[in-house]
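We use all heavy atoms of the structure for the numbers below, so side chains are in, but hydrogens, waters and symmetry mates are not. In what follows, chains are A, B, ... by sequence order, proteins preceding strands, each numbered from 1.
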There are 2 protein chains.
Amino acid sequence: MDDSVSIRRERRRAGRTGCDVEATLSVIGGIWKPVLLFHLLEGKLRFNALCRTVPNATPRMITLQLRELEADGVVNRIVYPEVPPKVEYELTDLGTSLAPVLLSMRDWGERLKRSEAAS
Amino acid sequence: MDDSVSIRRERRRAGRTGCDVEATLSVIGGIWKPVLLFHLLEGKLRFNALCRTVPNATPRMITLQLRELEADGVVNRIVYPEVPPKVEYELTDLGTSLAPVLLSMRDWGERLKRSEAAS
DNA sequence: CGGCATCCTTATAGATACTG
DNA sequence: CAGTATCTATAAGGATGCCG
(Lines give C-alpha, C1' and ligand atoms only; values in the text may rest on other atoms or scores of the structure.)
Protein backbone atom coordinates (compact mmCIF):
# COMPACT_ATOMS: atom_id res chain seq x y z
CA MET A 1 0.00 0.00 0.00
CA ASP A 2 2.76 2.37 0.99
CA ASP A 3 4.60 1.19 -2.09
CA SER A 4 2.02 2.26 -4.57
CA VAL A 5 1.77 5.62 -2.88
CA SER A 6 5.51 6.19 -3.09
CA ILE A 7 5.46 5.07 -6.68
CA ARG A 8 2.75 7.57 -7.39
CA ARG A 9 4.86 10.27 -5.79
CA GLU A 10 7.77 9.39 -8.00
CA ARG A 11 5.54 9.52 -11.02
CA ARG A 12 4.27 12.90 -9.94
CA ARG A 13 7.78 14.15 -9.51
CA ALA A 14 8.63 12.96 -12.99
CA GLY A 15 5.49 14.68 -14.15
CA ARG A 16 6.67 17.93 -12.66
CA THR A 17 10.17 17.95 -14.01
CA GLY A 18 9.22 16.46 -17.34
CA CYS A 19 7.14 17.63 -20.25
CA ASP A 20 3.36 17.69 -20.52
CA VAL A 21 3.23 14.17 -21.92
CA GLU A 22 5.05 12.91 -18.84
CA ALA A 23 2.48 14.62 -16.66
CA THR A 24 -0.26 12.68 -18.40
CA LEU A 25 1.70 9.46 -18.08
CA SER A 26 2.06 10.05 -14.36
CA VAL A 27 -1.69 9.49 -14.17
CA ILE A 28 -2.54 7.02 -16.93
CA GLY A 29 0.92 5.41 -17.23
CA GLY A 30 -0.06 2.04 -15.77
CA ILE A 31 -0.42 -0.86 -18.18
CA TRP A 32 -4.13 -1.36 -17.57
CA LYS A 33 -5.17 2.14 -16.64
CA PRO A 34 -6.14 3.42 -20.08
CA VAL A 35 -8.15 0.25 -20.70
CA LEU A 36 -10.02 0.56 -17.42
CA LEU A 37 -10.70 4.25 -17.97
CA PHE A 38 -11.85 3.59 -21.50
CA HIS A 39 -14.44 1.07 -20.39
CA LEU A 40 -15.61 3.46 -17.68
CA LEU A 41 -16.28 6.11 -20.32
CA GLU A 42 -19.58 4.41 -21.02
CA GLY A 43 -20.70 4.61 -17.42
CA LYS A 44 -20.42 3.07 -13.99
CA LEU A 45 -19.14 -0.48 -13.72
CA ARG A 46 -18.93 -2.99 -10.92
CA PHE A 47 -15.62 -4.55 -9.98
CA ASN A 48 -16.42 -7.88 -11.58
CA ALA A 49 -17.67 -6.20 -14.72
CA LEU A 50 -14.37 -4.36 -15.02
CA CYS A 51 -12.52 -7.63 -14.55
CA ARG A 52 -14.49 -9.15 -17.40
CA THR A 53 -13.60 -6.29 -19.71
CA VAL A 54 -9.90 -6.86 -19.05
CA PRO A 55 -9.50 -10.65 -18.86
CA ASN A 56 -5.74 -10.40 -19.33
CA ALA A 57 -5.34 -8.63 -16.00
CA THR A 58 -5.75 -10.34 -12.65
CA PRO A 59 -8.26 -8.95 -10.13
CA ARG A 60 -5.38 -8.03 -7.91
CA MET A 61 -3.82 -5.86 -10.60
CA ILE A 62 -7.15 -4.25 -11.38
CA THR A 63 -7.61 -3.41 -7.72
CA LEU A 64 -4.17 -1.83 -7.50
CA GLN A 65 -4.62 0.18 -10.67
CA LEU A 66 -8.05 1.39 -9.56
CA ARG A 67 -6.64 2.50 -6.23
CA GLU A 68 -4.03 4.61 -7.99
CA LEU A 69 -6.57 6.06 -10.37
CA GLU A 70 -8.72 6.92 -7.39
CA ALA A 71 -5.77 8.56 -5.62
CA ASP A 72 -5.09 10.59 -8.73
CA GLY A 73 -8.65 11.82 -8.80
CA VAL A 74 -9.81 10.35 -12.09
CA VAL A 75 -12.03 7.60 -10.66
CA ASN A 76 -14.66 7.48 -7.94
CA ARG A 77 -15.26 4.37 -5.87
CA ILE A 78 -18.83 3.94 -4.70
CA VAL A 79 -19.47 1.39 -1.98
CA TYR A 80 -23.01 0.17 -1.39
CA PRO A 81 -23.32 -1.11 2.18
CA GLU A 82 -25.24 -4.28 1.40
CA VAL A 83 -24.85 -8.01 1.40
CA PRO A 84 -23.48 -9.27 -0.86
CA PRO A 85 -21.13 -6.31 -1.26
CA LYS A 86 -21.50 -4.08 -4.26
CA VAL A 87 -18.91 -1.59 -5.43
CA GLU A 88 -19.11 0.56 -8.50
CA TYR A 89 -16.48 2.64 -10.20
CA GLU A 90 -17.12 5.76 -12.22
CA LEU A 91 -15.04 8.48 -13.81
CA THR A 92 -14.72 11.85 -12.11
CA ASP A 93 -14.93 15.00 -14.19
CA LEU A 94 -11.17 14.92 -14.48
CA GLY A 95 -11.38 11.34 -15.63
CA THR A 96 -14.05 12.16 -18.18
CA SER A 97 -11.80 14.87 -19.56
CA LEU A 98 -9.44 12.09 -20.63
CA ALA A 99 -11.94 11.04 -23.29
CA PRO A 100 -10.00 12.56 -26.23
CA VAL A 101 -6.88 10.67 -25.19
CA LEU A 102 -8.71 7.38 -24.72
CA LEU A 103 -10.75 7.66 -27.89
CA SER A 104 -7.74 8.48 -30.03
CA MET A 105 -6.00 5.46 -28.53
CA ARG A 106 -8.97 3.29 -29.43
CA ASP A 107 -9.03 4.65 -32.97
CA TRP A 108 -5.35 4.03 -33.51
CA GLY A 109 -5.59 0.50 -32.13
CA GLU A 110 -8.51 -0.23 -34.39
CA ARG A 111 -6.55 0.84 -37.44
CA LEU A 112 -3.52 -1.13 -36.29
CA LYS A 113 -5.55 -4.29 -35.92
CA ARG A 114 -7.09 -3.86 -39.33
CA SER A 115 -3.73 -3.33 -41.01
CA GLU A 116 -2.29 -6.33 -39.19
CA ALA A 117 -5.21 -8.49 -40.24
CA ALA A 118 -4.70 -7.41 -43.84
CA SER A 119 -1.04 -8.43 -43.86
CA MET B 1 17.54 -8.76 -26.20
CA ASP B 2 15.54 -11.97 -26.18
CA ASP B 3 13.70 -10.58 -23.22
CA SER B 4 12.39 -7.52 -24.93
CA VAL B 5 11.30 -9.61 -27.88
CA SER B 6 9.35 -11.99 -25.68
CA ILE B 7 7.84 -9.08 -23.83
CA ARG B 8 6.74 -7.62 -27.11
CA ARG B 9 5.17 -10.93 -28.05
CA GLU B 10 3.22 -11.01 -24.83
CA ARG B 11 2.06 -7.49 -25.42
CA ARG B 12 1.00 -8.38 -28.94
CA ARG B 13 -0.91 -11.34 -27.66
CA ALA B 14 -2.69 -9.10 -25.18
CA GLY B 15 -3.34 -6.72 -28.04
CA ARG B 16 -5.01 -9.49 -29.99
CA THR B 17 -7.26 -10.85 -27.32
CA GLY B 18 -7.99 -7.47 -25.82
CA CYS B 19 -9.79 -4.37 -27.01
CA ASP B 20 -8.51 -1.69 -29.36
CA VAL B 21 -7.02 0.34 -26.54
CA GLU B 22 -4.95 -2.67 -25.52
CA ALA B 23 -3.68 -2.95 -29.07
CA THR B 24 -2.42 0.61 -28.88
CA LEU B 25 -0.85 -0.02 -25.51
CA SER B 26 0.98 -3.01 -26.91
CA VAL B 27 2.94 -0.50 -28.99
CA ILE B 28 3.16 2.66 -26.87
CA GLY B 29 2.70 1.02 -23.46
CA GLY B 30 6.24 1.59 -22.23
CA ILE B 31 6.74 4.31 -19.67
CA TRP B 32 8.95 6.48 -21.88
CA LYS B 33 7.60 5.56 -25.28
CA PRO B 34 4.96 8.25 -25.65
CA VAL B 35 7.45 10.88 -24.53
CA LEU B 36 10.06 9.75 -27.03
CA LEU B 37 7.52 9.57 -29.83
CA PHE B 38 6.17 12.98 -28.93
CA HIS B 39 9.56 14.61 -29.22
CA LEU B 40 10.16 12.83 -32.51
CA LEU B 41 6.98 14.39 -33.90
CA GLU B 42 8.97 17.53 -34.60
CA GLY B 43 11.57 15.72 -36.65
CA LYS B 44 14.67 13.55 -36.54
CA LEU B 45 16.68 13.51 -33.35
CA ARG B 46 20.06 12.12 -32.39
CA PHE B 47 20.37 9.70 -29.52
CA ASN B 48 21.89 12.26 -27.19
CA ALA B 49 19.28 14.81 -28.11
CA LEU B 50 16.59 12.32 -27.18
CA CYS B 51 18.31 11.67 -23.88
CA ARG B 52 18.28 15.37 -23.14
CA THR B 53 14.56 15.59 -23.78
CA VAL B 54 13.89 12.84 -21.24
CA PRO B 55 16.37 13.50 -18.42
CA ASN B 56 14.43 11.25 -16.05
CA ALA B 57 15.23 8.18 -18.13
CA THR B 58 18.67 6.58 -18.29
CA PRO B 59 20.34 6.10 -21.69
CA ARG B 60 19.97 2.37 -21.23
CA MET B 61 16.22 2.64 -20.86
CA ILE B 62 15.97 4.96 -23.85
CA THR B 63 17.91 2.47 -25.94
CA LEU B 64 15.63 -0.39 -24.92
CA GLN B 65 12.48 1.57 -25.56
CA LEU B 66 13.72 2.73 -28.95
CA ARG B 67 14.53 -0.84 -29.94
CA GLU B 68 11.00 -1.92 -29.16
CA LEU B 69 9.52 1.02 -30.98
CA GLU B 70 11.69 0.12 -33.94
CA ALA B 71 10.57 -3.51 -33.78
CA ASP B 72 6.97 -2.34 -33.72
CA GLY B 73 7.52 -0.27 -36.84
CA VAL B 74 6.87 3.19 -35.46
CA VAL B 75 10.48 4.43 -35.43
CA ASN B 76 13.31 4.30 -37.94
CA ARG B 77 16.92 4.12 -36.83
CA ILE B 78 19.36 5.79 -39.20
CA VAL B 79 23.05 5.01 -38.71
CA TYR B 80 25.62 7.29 -40.33
CA PRO B 81 28.87 5.35 -40.82
CA GLU B 82 31.23 8.03 -39.60
CA VAL B 83 33.58 8.78 -36.74
CA PRO B 84 32.43 9.78 -34.22
CA PRO B 85 29.28 7.72 -34.70
CA LYS B 86 26.04 9.46 -35.46
CA VAL B 87 22.62 7.88 -35.14
CA GLU B 88 19.32 9.56 -35.76
CA TYR B 89 15.81 8.43 -34.98
CA GLU B 90 12.70 9.39 -36.89
CA LEU B 91 9.07 8.38 -36.94
CA THR B 92 7.79 6.05 -39.63
CA ASP B 93 4.45 6.77 -41.28
CA LEU B 94 2.84 4.50 -38.72
CA GLY B 95 4.59 6.44 -35.98
CA THR B 96 3.46 9.75 -37.41
CA SER B 97 -0.10 8.47 -37.40
CA LEU B 98 0.14 8.42 -33.60
CA ALA B 99 0.12 12.22 -33.58
CA PRO B 100 -3.52 12.55 -32.44
CA VAL B 101 -2.82 10.29 -29.47
CA LEU B 102 0.38 12.07 -28.51
CA LEU B 103 -1.03 15.56 -28.94
CA SER B 104 -4.12 14.82 -26.89
CA MET B 105 -1.84 13.46 -24.18
CA ARG B 106 0.18 16.66 -24.26
CA ASP B 107 -2.95 18.79 -24.07
CA TRP B 108 -4.31 16.89 -21.11
CA GLY B 109 -0.98 17.06 -19.27
CA GLU B 110 -0.82 20.78 -19.88
CA ARG B 111 -4.25 21.30 -18.36
CA LEU B 112 -3.39 19.04 -15.44
CA LYS B 113 -0.25 21.02 -14.66
CA ARG B 114 -2.13 24.28 -14.82
CA SER B 115 -4.86 23.07 -12.49
CA GLU B 116 -2.27 21.69 -10.08
CA ALA B 117 -0.35 24.95 -10.11
CA ALA B 118 -3.57 26.81 -9.35
CA SER B 119 -4.32 24.73 -6.28
C1' DC C 1 29.18 9.17 -29.88
C1' DG C 2 26.06 5.54 -29.27
C1' DG C 3 25.64 2.01 -27.70
C1' DC C 4 25.96 -3.30 -25.58
C1' DA C 5 27.19 -6.81 -21.80
C1' DT C 6 27.31 -7.69 -17.16
C1' DC C 7 26.28 -7.59 -12.40
C1' DC C 8 23.31 -6.50 -8.83
C1' DT C 9 19.34 -4.56 -6.32
C1' DT C 10 14.64 -3.54 -6.22
C1' DA C 11 9.97 -3.89 -7.81
C1' DT C 12 6.34 -6.12 -9.68
C1' DA C 13 3.10 -9.63 -11.10
C1' DG C 14 1.14 -14.17 -10.30
C1' DA C 15 -0.84 -17.74 -7.32
C1' DT C 16 -3.13 -18.96 -3.43
C1' DA C 17 -5.76 -18.70 0.65
C1' DC C 18 -8.64 -16.08 3.47
C1' DT C 19 -12.42 -12.40 5.01
C1' DG C 20 -16.38 -8.88 5.94
C1' DC D 1 -19.02 -9.95 -4.08
C1' DA D 2 -15.01 -7.45 -3.66
C1' DG D 3 -11.49 -7.46 -2.18
C1' DT D 4 -6.85 -8.25 1.31
C1' DA D 5 -2.59 -10.73 2.83
C1' DT D 6 1.30 -13.29 2.04
C1' DC D 7 4.65 -15.64 -0.42
C1' DT D 8 7.43 -16.45 -4.35
C1' DA D 9 9.38 -16.03 -9.02
C1' DT D 10 10.61 -13.12 -12.35
C1' DA D 11 11.66 -9.05 -14.49
C1' DA D 12 12.67 -4.34 -14.61
C1' DG D 13 15.93 -0.92 -13.82
C1' DG D 14 20.45 1.35 -12.16
C1' DA D 15 25.57 1.32 -12.24
C1' DT D 16 29.61 0.27 -14.36
C1' DG D 17 32.92 -0.83 -17.87
C1' DC D 18 34.09 -1.75 -22.54
C1' DC D 19 33.97 -1.20 -27.62
C1' DG D 20 33.60 0.18 -32.69
If an axis is fit to five pairs at each end of the helix from C:dC1-D:dG20 to C:dG20-D:dC1, what is the angle between the two, to the nearest 10°? 60°
Residues which pass salt bridge (Lys or Arg N to Asp or Glu O under 4.0 Å) with A:K86, listed by chain and number, not counting sequence neighbours: none
Given D:dT4, C:dC1, D:dA2, identify the nucleotide with an atom nearest to the side chain of A:T63. D:dT4
With sequence neighbours excluded, residues passing side-chain contact (heavy atoms from CB on, under 4.5 Å) with B:S97: A:W108, A:R111, B:L94
Look at the side-chain N and O atoms of A:R46 and state whether any lies under 4.0 Å from the OP1 or OP2 oxygen of D:dA2. yes
Side-chain contact, heavy-atom cut-off 4.5 Å: A:T53 with A:L50? yes
Of all residues at least two apart in sequence or in a different chain, which pass the side-chain contact (heavy atoms from CB on, under 4.5 Å) check with A:D107? A:E110
I want to check one thing: is the phosphate of C:dG14, taken as OP1 and OP2, less than 4.0 Å away from some side-chain N or O of A:T58? yes
Would you kindly say whether B:E70 and B:N76 are connected by a side-chain donor-acceptor distance under 3.5 Å? no
Establish, with yes or no, whether the OP1 or OP2 oxygen of C:dG2 is under 4.0 angstrom from a side-chain nitrogen or oxygen of B:R77. no
Going by heavy atoms in the side chains, are A:V75 and A:E90 under 4.5 Å from each other? no
With sequence neighbours left out, the residues meeting side-chain contact (heavy atoms from CB on, under 4.5 Å) with B:V79 are B:R77, B:V87
Decide yes or no, distance alone: a donor-acceptor N/O pair under 3.5 angstrom between the base of D:dG13 and the side-chain of B:R60. yes
Among residues 78-88 of chain B, which contact DNA chain C at a heavy-atom distance under 4.0 Å? B:P84, B:P85, B:V87
